Protein chains: 2
Amino acid sequence: MPRKPANQTVQREDILLAAAQIFQERGYEGATMAHIARKVKLTAGSLYHHFPAGKPDLLLAVLNAGLDAVMTQFDQVQAATINPTEQLRQMITAHVVSVTHNVSVGAAMVFEIRTLFALGEHEAHLEARDAFLRRRDEFEQRYRDVIQQGIACGEFRSVDVNIFTKALLGAHNWISVWYHSSGRLSGHEIAERMVDTFLASLRC
Amino acid sequence: MPRKPANQTVQREDILLAAAQIFQERGYEGATMAHIARKVKLTAGSLYHHFPAGKPDLLLAVLNAGLDAVMTQFDQVQAATINPTEQLRQMITAHVVSVTHNVSVGAAMVFEIRTLFALGEHEAHLEARDAFLRRRDEFEQRYRDVIQQGIACGEFRSVDVNIFTKALLGAHNWISVWYHSSGRLSGHEIAERMVDTFLASLRC
DNA sequence: AGGTTAATCAAACGTTCGTTTTATAATTTT
DNA sequence: AAAATTATAAAACGAACGTTTGATTAACCT
C-alpha cells in the first residue's frame, strides 16, 4: 500500500520549530498534528516517531527550548558581576533579543502557559510541566533580585519591586505579539529603547 | 422525548461572561460549547438560541464587550481636557482598573486576537472582526497621541512614542495573566504603581 | 381561555482530530 | 550482500466537537 521517496533528513529540532510556528498561528488547541507535519513535509502519524509522547510533549519541548535560550544568556550576564544598572541593561537586552530572534518560541512562552495548566487533567506530563514552571519562576526572580539590589545600594529609586518586574515582563512578552523582522527596528534597537524606558523609570 | 423545568432567566450577558471565563481557562479552541453551556446550566445546543452564529460570534461579543468597557472610560477622560500628564494618569488608571474589574474579558483581549485572524478562513464574521480591529487600533492611537502631545509641550522627555506605547500596553495586558482579586493589591493600587512607573520614565 | 412566541432539551449528523498499527523504503551495520 | 535499524506513509479507529433538527414547556398577549 504505501511508499514515497523519503527525505530522511527531518530532525527533531525542525519539527520543534515548525510546531512553534503553528502554535503561534493557531494556538495549541487550534494546531493539528497534520498542520505541523505538513510544514516539515511529513504525515501526522510520522511525527510520533520523533515525539512518541505526542502533542503535549511537543509543546513542552518548545517551551523548554525557549527558556533554555534566554536562561543561557542570563547565566553569562551574571557571571560577570557588575553594578545593578549595567546588569539590568544586559538582562533586558538578552531577553528582548532572545524574543525577537525566535518570535514563535517566545510567543509560545506567553500564550501557551495556560495550556500547560489545562494539561494537568492527564497525569503524565505533570513532572515535566512542574519542572518548567519552577525554572520560569526562577527566571522572574532574577529580575526581582537585581532591581532589589539596585534599590538597596542606592542606584535605583525605591519602587514596588513586584509590580515593576511584572510591568517589565509584560512589556517584553508583548513584543512577541507585535514584532516582525521586517519592521522599523531590529531586536537590538528595540532592546535599547526598553532599557531606556525602564532605566529612566528607576532613576533617582 | 425532552423536557426540563427551565429557568427562563439566562440572559445573553450571562452566556457572554461564562464564555469569557471558559476562554480564559482553556483558550478559544480548547473551549467547547458544552463547557460554556454547563456554566450557565444549559445544553450546548441551547446556546444557539441566544447566539445564532455560534462560537465565533460568542468570541466577538466577548471582545467587543471588553473594548466597550475601556473605551467608554477613555471618552470620559478626554472630555475633560487637561494637561498630558494628568490625562495619561487617568487613562492608565481607567485601563488597569478595567482589566482587573473583569479579568476574563481582559484576558480574551490579550489571548484571543490571534484566534480572530485564524477565523478569517471562513468568510462570514470578517466584517465584525475588522470593525473590532479598527476600534482596537484607535484605542492604541489614543495612548500614542497623549504621549506625543506631552513631548511636544515639554511635559515629557523625548521618547520613541511607538515603542513606549507598546511597552505600556504590554505591561497592562500582562496584568490579566497574573492578577487575582485575592492578591496583595487592588486594581486601583496596581494602577497607581503603573502610573508611577511610566510617568517616572517620561520625566524630563 | 386560547394562541403565539421564546427558551429549552434530547438526539442525531457529519466532520475532524490525536493516535495506533502495519507495511515499505532508505540507511547503516555486519 | 545480507541483515538490522531507522524513517516514513497509508489506513483505520474511536472519541469529541460544532451545529442542526424536532419536540416540549413556559411565558406573554390579546
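When reading the values below, keep in mind they use all heavy atoms of this one structure, side chains included, and skip hydrogens, waters and symmetry mates. In what follows, chains are A, B, ... by sequence order, proteins preceding strands, each numbered from 1. Model, not experiment: these values are computed from the prediction.
Backbone-only contact: A:Ala31 has heavy atoms under 4.0 Å from sugar-phosphate atoms and none from a base. B:Gly54 comes within 4.0 angstrom of sugar-phosphate atoms only, judged by non-hydrogen atoms across all strands, and of no base. As judged by a 4.0 angstrom heavy-atom cut-off over every strand, A:Thr32 is placed among residues touching the sugar-phosphate backbone only.
Each of D:dG18, D:dA10, C:dT19 was ranked by its minimum atom distance to the side chain of B:Lys55; first place goes to D:dG18. The nucleotide whose nearest atom lies closest to any side-chain atom of B:Pro56 is, among C:dA7, D:dT19, C:dT19, D:dT19. Checking C:dA7, D:dT20, D:dA7 against every side-chain atom of A:His49, the shortest atom distance belongs to D:dA7.
The ring-ring contact (aromatic ring centres under 6.0 Å, His included) test applied to B:Phe51 returns no partner, not counting sequence neighbours.
Between the side chains of B:Asp145 and B:Gln141, at least one donor-acceptor pair of N or O atoms lies under 3.5 Å. When only modelled atom types and interatomic distance are considered, B:Thr85 and B:Glu155 share a side-chain donor-acceptor pair under 3.5 Å.
Annotation: of the two residues near DNA chain C, A:Pro52 and A:His35, the 5′-most nearest-nucleotide partner is A:His35.
Rounded to whole Å, the distance from OH on B:Tyr48 to C1' on C:dA7 is 17 Å. If you take CD1 of A:Ile36 and P of C:dG18, they are 8 Å apart, rounded to a whole angstrom. The interatomic distance linking A:Glu29 (CD) with D:dA16 (P) rounds to 14 Å, in whole Å. Protein atom NE2 of A:His50 is 6 Å distant from nucleotide atom P of D:dA7, rounded to whole Å. What separates CE of B:Met33 from P of D:dG18 is a distance of 7 Å, to the nearest Å. Put simply, CZ on A:Arg38 is 13 Å from P on D:dA9, counting in whole angstrom units.
For the OP1/OP2 pair of D:dT8 and a distance below 4.0 Å, the side-chain nitrogens and oxygens of A:Ser46 include no atom meeting the criterion.
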Distance-only donor-acceptor pairs under 3.5 Å for side chains of residues 162-171 of chain B, two or more places apart:
unit_1   : atom_1 : unit_2   : atom_2 : d
B:Thr165 : OG1    : B:Val161 : O      : 2.7
B:Lys166 : NZ     : B:Glu140 : OE2    : 2.8

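Ring centers of A:Phe74 and A:Tyr143: under 6.0 Å apart, within the cut-off.
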